[in-house]
Structure formats: C-alpha cells, structure tokens
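Hydrogens, waters and symmetry mates are skipped; everything else that's a heavy atom, side chains included, is used. The chains referred to below are lettered A, B, ... by the order of the sequence lines, with proteins before strands, and numbering in each begins at 1.
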2 protein chains.
Amino acid sequence: MRELKSSVNKTFAVLEHFTVEKPEWGITELTKVLNSNKSTVYRFLSDMRTMGIIDQNPYSGKYSLGLKLFELGNRVQVQSAFVGKTHPILVDVAKNITETVHIAIIKNKQVFYIDKAESSQGLKISTNIGSSSPLHATSLGKVLLAFSYHNYQNLVTDKILNKTLKPYTPNTITDPKKLIKELEKVRAQQYAIDDEEFELGLVCAGVPIFNTRNELVASLSAAGPSSRYNKEKVKEYVKILQWGADEIKNKIGDFKLNIT
Amino acid sequence: MRELKSSVNKTFAVLEHFTVEKPEWGITELTKVLNSNKSTVYRFLSDMRTMGIIDQNPYSGKYSLGLKLFELGNRVQVQSAFVGKTHPILVDVAKNITETVHIAIIKNKQVFYIDKAESSQGLKISTNIGSSSPLHATSLGKVLLAFSYHNYQNLVTDKILNKTLKPYTPNTITDPKKLIKELEKVRAQQYAIDDEEFELGLVCAGVPIFNTRNELVASLSAAGPSSRYNKEKVKEYVKILQWGADEIKNKIGDFKLNIT
DNA sequence: GACGGTGTTTCATTATATGAAATGTAGTTT
DNA sequence: AAACTACATTTCATATAATGAAACACCGTC
C-alpha cells in the first residue's frame with residue numbers, strides 16, 4: 001500500500017483482494033497482505049461499507065464485496081450492451097449442444113470470459129465469468145488470435161520473441177512456430193479445437209463472433225469432457241456454434257467492443 | 001465533489017455518473033455535474049483508465065466503465081454464490097412460462113433486480129439487472145415485504161407513518177391500510193399479483209424464494225403484458241414459479257443473502 | 001489563421017490520508 | 001473472575017497526496 005500513490009489505486013488495491021476464492025476478509029489479515037496499517041485499512045473498509053461497496057457480515061464482522069459493485073458491473077458496456085442482449089442466444093446454443101458454452105474477449109493478453117451457459121449434464125466444467133485463461137492453450141484464445149490481425153501481430157512480434165508459451169498439459173502447443181501454423185489452420189477451417197491442451201480430459205471447440213461489419217467482437221466455444229467428444233460430434237458442435245455466432249451478429253449489428 | 005471528504009467517496013462519486021442511460025462522459029461535462037475541477041476529474045479518469053476501471057473510446061476520447069468493474073461485479077457474493085448457480089433454473093422457468101422472469105432482493109427499501117431470463121416473445125418488458133423499483137407497486141416487492149418480518153415491521157412503523165406510497169398508475173395501492181391487507185393476502189395465498197400497479201399494461205405474479213432453513217432469500221416473478229394474462233394463466237404461472245423457487249431452494253441449501 | 005471547444009500539464013497551496021499508540025470489545029484460558 | 005489474546009476502533013500530530021487556477025496543447029470550424 002505504501003508504494004501506491006493515488007487514492008484510486010489504494011481503493012482498488014483493497015477491493016482486488018476480495019476474490020471468489022477468498023471473498024471475506026478481516027481488518028488485520030487484510031492489513032498484512034496490503035503491507036499497510038490497521039487504521040488505514042479500517043477507514044477504507046468503513047467508508048466503503050457506508051456506500052454499499054463493501055458488506056460486513058453482522059455475525060463474523062468480516063467484510064466482503066457489496067451490491068454497489070454488482071450494480072456497477074452490470075452497467076459496464078460489455079454487460080449492458082452485449083451480454084445482456086446476447087445471453088438468450090447463448091442459452092439456446094447450450095441447449096442444442098448440451099455442453100457448457102462460453103463467450104470471451106481478449107484482456108491483458110488473456111482470454112477473458114464474459115458470459116457462459118452451463119450444460120445441464122452432471123459432468124461439466126465450471127468457469128467464473130470475469131476470470132482469465134491463457135490465449136495459446138484454449139480454443140477461445142486461438143480463435144481470438146487467429147482472427148484479430150492486431151493481436152496476431154502482437155503474438156508474432158512480441159510474445160513469441162520475448163515470452164515462452166507455458167505448458168499446461170502434454171498437449172499444450174509450446175512451440176511458437178507450431179502455434180502460428182495452428183492459427184493458420186484455424187483461419188482456414190473457421191474454427192479452433194482445444195484437444196486437452198489446457199486441462200487433461202477437457203476438449204473445446206471455438207468459433208469467432210463477428211459483427212455486421214465483419215469485425216471480430218468475441219469468440220464462442222463449447223467445452224466438455226473428452227469422453228463425450230469425437231470427430232463427428234465436433235463437426236456438429238461447430239455447426240451449432242456458427243449458427244449461434246450468426247444469431248449474435250444479427251442481434252448486435254455493428255456494435256464493437258474494444259478488444260485489447 | 002467539494003463536499004465529499006474521503007477519496008473513496010470521490011472515486012465512486014465519479015463512477016456513479018456512468019449509467020446505462022448515459023454510459024459515456026467527457027472530462028468537461030463530468031466536471032460540471034460533479035461541481036469539481038477539470039484537473040481533478042481528469043486525474044481521476046486517467047488513473048482509473050490505467051487500471052482498467054474506466055475505458056476510453058479511442059475515437060471520441062469519451063470515457064466509460066471498464067472491464068475491471070465487470071470483473072469485480074462478478075465476484076460479489078450475490079453473483080458468485082447465488083445468481084451464478086441459480087441462473088439455469090431461472091432460464092427453465094422462463095421457458096415454461098414464456099414470459100420474462102426476474103429475481104430480486106431488498107436494497108435501500110427498494111426492489112433490487114439481481115437476475116432475469118427474458119421471454120422469447122416480441123412483446124416483453126426490459127429491466128436492467130442492478131436497477132431498482134418500488135416495493136409497494138410490484139409483485140416482487142410485495143412478496144419481499146410480506147415474508148420478511150423485519151421489513152414488514154419497517155413498513156408498518158416507519159414507511160407508513162413517515163412516507164406516502166407513491167402512485168405510479170391508477171391501480172397502485174397508496175393507502176397504507178390497504179397495503180397491509182394486501183400483504184396479509186399475499187402471505188395467505190403464498191404469491192403476489194401486480195395488476196398494472198407499476199406500469200399500465202404490465203401484469204406480474206411473484207412468489208417467495210426460501211432456503212432450506214425457510215429463511216426468505218429473494219423473490220421470483222413472471223412479467224408480461226396484461227393482454228396475455230387471465231386468472232387461469234396466473235394460477236398456472238404461480239405453479240411454475242413455485243416449482244422454480246423450490247428448485248432454487250434445493251440448489252442453494254442454507255445459503256443466505258443479507259437482505260436489508 | 002483566429003476562434004471556441006476540448007483534453008492535458010504544471011506547481012504552489014491546502015486539505016486529507018497516514019500510522020503509532022491508546023482504547024474498546026469479545027472470546028478464551030488460568 | 002481476573003488475566004490474557006486477538007481482534008476492531010478511535011485519536012491526533014505529522015506527512016503526504018489532492019486540489020485548482022492558469023498555462024498549454026490539440027483539434028475541427030468558420
């Protein structure tokens with residue numbers, strides 16, 4: 001906390017510590033991880049509680065994120081102008097595929113999940129909306145790289161030269177040259193496959209979502225256990241996903257998110 | 001801005017101005033409504049942009065809410081521990097009723113929408129998640145009042161004595177005594193009806209959602225044009241809503257939101 | 001090429017944030 | 001029930017960051 005200068009920085013440094021994994025914090029423990037002072041942290045939380053940004057559990061006294069943030073989150077353009085409108089389509093796609101489907105964009109050189117519709121089946125993956133995954137090991141990410149010239153260029157010039165492609169399973173593509181070939185394939189066939197490249201046992205198929213100006217807006221995928229997948233199924237899923245992407249295109253018109 | 005003391009206050013005073021109705025702001029116009037100074041507002045927005053809390057449109061230069069808020073909003077308990085788990089049930093309910101369904105809780109003595117599943121029909125209402133409506137003129141609100149002793153007491157002792165019940169249509173219940181009778185009826189029949197009491201042409205049916213400890217957690221409603229409603233339909237809808245509320249109960253177990 | 005409207009930077013002044021220590025509170029141990 | 005422990009909360013002198021007036025920069029328009 002000491003090194004952070006502006007009040008905005010400090011405010012959000014506090015909020016950032018409240019995650020899905022650790023949603024509740026007391027003053028003292030939060031003070032430690034923030035490398036700050038009890039009074040300071042107390043005042044931050046106290047001020048935020050007054051405004052509904054932070055809730056306090058009346059029994060434990062612990063603090064957690066409040067409804068004001070839920071409210072603000074729903075005002076963000078990606079929610080109010082995109083997810084809010086396209087979600088019913090996603091639900092339809094999930095119903096037809098009977099697997100969990102996701103929509104993602106690029107944020108900070110990662111796949112950033114903005115919506116999902118879960119499979120009704122017992123065995124399914126569970127992803128948090130607002131969380132991130134690696135670009136090179138997911139179908140969503142490969143699609144976003146393959147169809148965005150800007151990001152593709154970034155990959156070629158920056159990522160490959162400076163950074164290594166982290167392996168997540170034995171199947172993860174870690175050779176930059178192979179990844180570039182893979183992306184060319186994705187462009188050619190208009191969809192991407194993640195064949196247990198991020199998590200063993202998990203297979204995904206992803207397609208791009210364009211707007212009516214044919215600008216890349218997001219990517220759409222279906223994800224399920226490898227036991228339920230085969231080549232025939234993938235073809236079927238890709239068809240349904242492409243139908244969904246087309247429905248979304250018609251719904252959003254020329255709307256564009258700033259994919260960075 | 002001058003009267004606001006803490007940095008947290010100032011930070012969120014800026015963010016609050018970004019609404020669904022006016023999602024984009026320039027420095028100058030925002031300075032005016034905040035009764036502040038260009039430099040100050042510029043620095044706030046600039047700092048927040050660096051952190052992804054605010055986005056800047058590269059063409060117009062205007063600012064809007066950023067993905068960081070979307071991310072934080074999805075970490076709020078109501079989303080991560082409730083809506084995220086119960087949403088598929090809501091979708092099922094909407095499919096069966098073929099009208100838009102909502103889930104709401106109480107926040108600041110208002111109905112606060114936390115989830116929805118929209119009807120696939122052309123004519124439907126459109127509500128923003130994270131927005132609010134009056135308690136006394138909606139089925140969701142009447143249910144929340146009727147089944148929460150704390151809020152019911154509040155109504156009787158505070159609201160009725162100090163405040164008037166604002167009329168929205170000729171059907172709005174504005175007489176406190178009538179409202180109390182209405183709430184008794186709601187408790188007796190286990191559901192509430194909003195017969196064009198908030199908006200002309202709009203009819204809703206609402207039921208309570210309890211957890212496995214039978215504590216009130218939220219309320220669930222179906223909303224559609226009066227032209228599609230009749231007594232038979234209402235009975236059918238209430239059955240489906242009660243089925244949905246029961247499914248949600250099984251899903252959440254003894255989970256409890258802090259309904260205030 | 002002057003003008004009106006923006007956004008951005010500068011810097012001396014002002015006001016708020018800070019943290020050490022004192023105090024309060026609740027639960028636990030002796 | 002007194003001493004102890006582990007928190008949360010309050011106080012207040014001091015340090016630090018926020019502020020705003022003014023200057024500057026960058027448009028597009030007339």
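Here D:dA18 presents its C1' atom at 14 Å from CG of A:Asn9, a figure rounded to the nearest Å. Rounding to whole angstrom units, CZ of residue A:Arg49 and C1' of D:dA8 are separated by 10 Å. Counting to the nearest Å, the P atom of C:dG7 and the CG atom of B:Leu30 are 10 Å from each other. Rounded to whole Å, the distance from CG on A:Leu45 to P on C:dA17 is 15 Å. Summarising the geometry, the separation between NZ on B:Lys32 and P on C:dG5 is reported as 9 Å, rounded to the nearest angstrom. One interatomic measurement links the two molecules: CH2 of B:Trp25 to P of C:dG7, which rounds to 12 Å at whole-angstrom precision. Rounded to an integer number of Å, the gap from A:Phe44 CZ to D:dA17 C1' is 11 Å. One interatomic measurement links the two molecules: CD1 of A:Ile27 to C1' of C:dT23, which rounds to 16 Å at whole-angstrom precision.
Residue pairs meeting the salt bridge (Lys or Arg N to Asp or Glu O under 4.0 Å) criterion with at least one partner in residues 245-255 of chain A, sequence neighbours excluded, are A:Arg213-A:Asp254. Evaluation of the salt bridge (Lys or Arg N to Asp or Glu O under 4.0 Å) test over residues 134-145 of chain B, restricted to residues two or more places apart or in two chains, returns B:Lys142-B:Glu182, B:Lys142-B:Glu197.
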Review item, nucleotides 9-13 of chain C N/O atoms under 3.5 Å of protein N/O:
unit_1: C:dT9; atom_1: OP2; unit_2: B:Tyr42; atom_2: OH; d: 2.7
unit_1: C:dT9; atom_1: O4; unit_2: B:Ser39; atom_2: OG; d: 3.1

At a cut-off of 3.5 Å, list every protein nitrogen or oxygen paired with a nitrogen or oxygen from nucleotides 2-4 of chain C, distance to 0.1 Å.
none

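Heavy-atom nearest nucleotides on DNA chain D were determined for A:Lys62 and for A:Val8, and the one closer to the 5' end corresponds to A:Lys62.
The aromatic rings of B:Phe18 and B:Trp25 sit perpendicular, their planes meeting at an angle over 60°, well past the 30° parallel limit.
Residue B:Lys109 holds its NZ atom at 9.5 Å from CG of B:Leu135, rounded to the nearest 0.5 Å.
Using a 4.0 Å cut-off, some side-chain N or O of A:Thr28 falls inside it from OP1 or OP2 of D:dA8.
With sequence neighbours excluded, the residues that form a side-chain contact (heavy atoms from CB on, under 4.5 Å) with A:Glu71 are A:Lys68, A:Arg75, B:Lys107, B:Phe112. Remark: A:Ser221 engages A:His102, A:Ser139, A:Leu140 in a side-chain contact (heavy atoms from CB on, under 4.5 Å) (not counting sequence neighbours). Among residues two or more places apart in sequence or in another chain, the salt bridge (Lys or Arg N to Asp or Glu O under 4.0 Å) test is passed with B:Glu29 by B:Lys22, B:Lys62. Judged as a side-chain hydrogen bond (donor to acceptor under 3.5 Å, both in side chains), and not counting sequence neighbours, A:Ser7 has no contacts. Under the side-chain contact (heavy atoms from CB on, under 4.5 Å) criterion, A:Ser80 pairs with B:Val20, sequence neighbours left out. A:Lys32 pairs by the side-chain contact (heavy atoms from CB on, under 4.5 Å) definition with A:Thr28, not counting sequence neighbours. Checked against side-chain hydrogen bond (donor to acceptor under 3.5 Å, both in side chains), B:Thr212 has no partners two or more places apart in sequence or in another chain.
In the helix from C:dG1-D:dC30 to C:dT30-D:dA1, the terminal helix axes, each the rotation mapping four pairs' C1' atoms onto the next four within five end pairs, subtend 30°, rounded to 10°.
Comparing C:dA17, D:dA18, D:dT19 by their nearest atom to the side chain of A:Lys10 picks out C:dA17.
Within 4.0 Å (heavy atoms only), B:Gly26 reaches sugar-phosphate atoms of the nucleic acid but no base atom.
Contact annotation: the side chain of B:Ile209 never approaches that of B:Leu216 to less than 4.5 Å [non-hydrogen atoms, C-beta and beyond].
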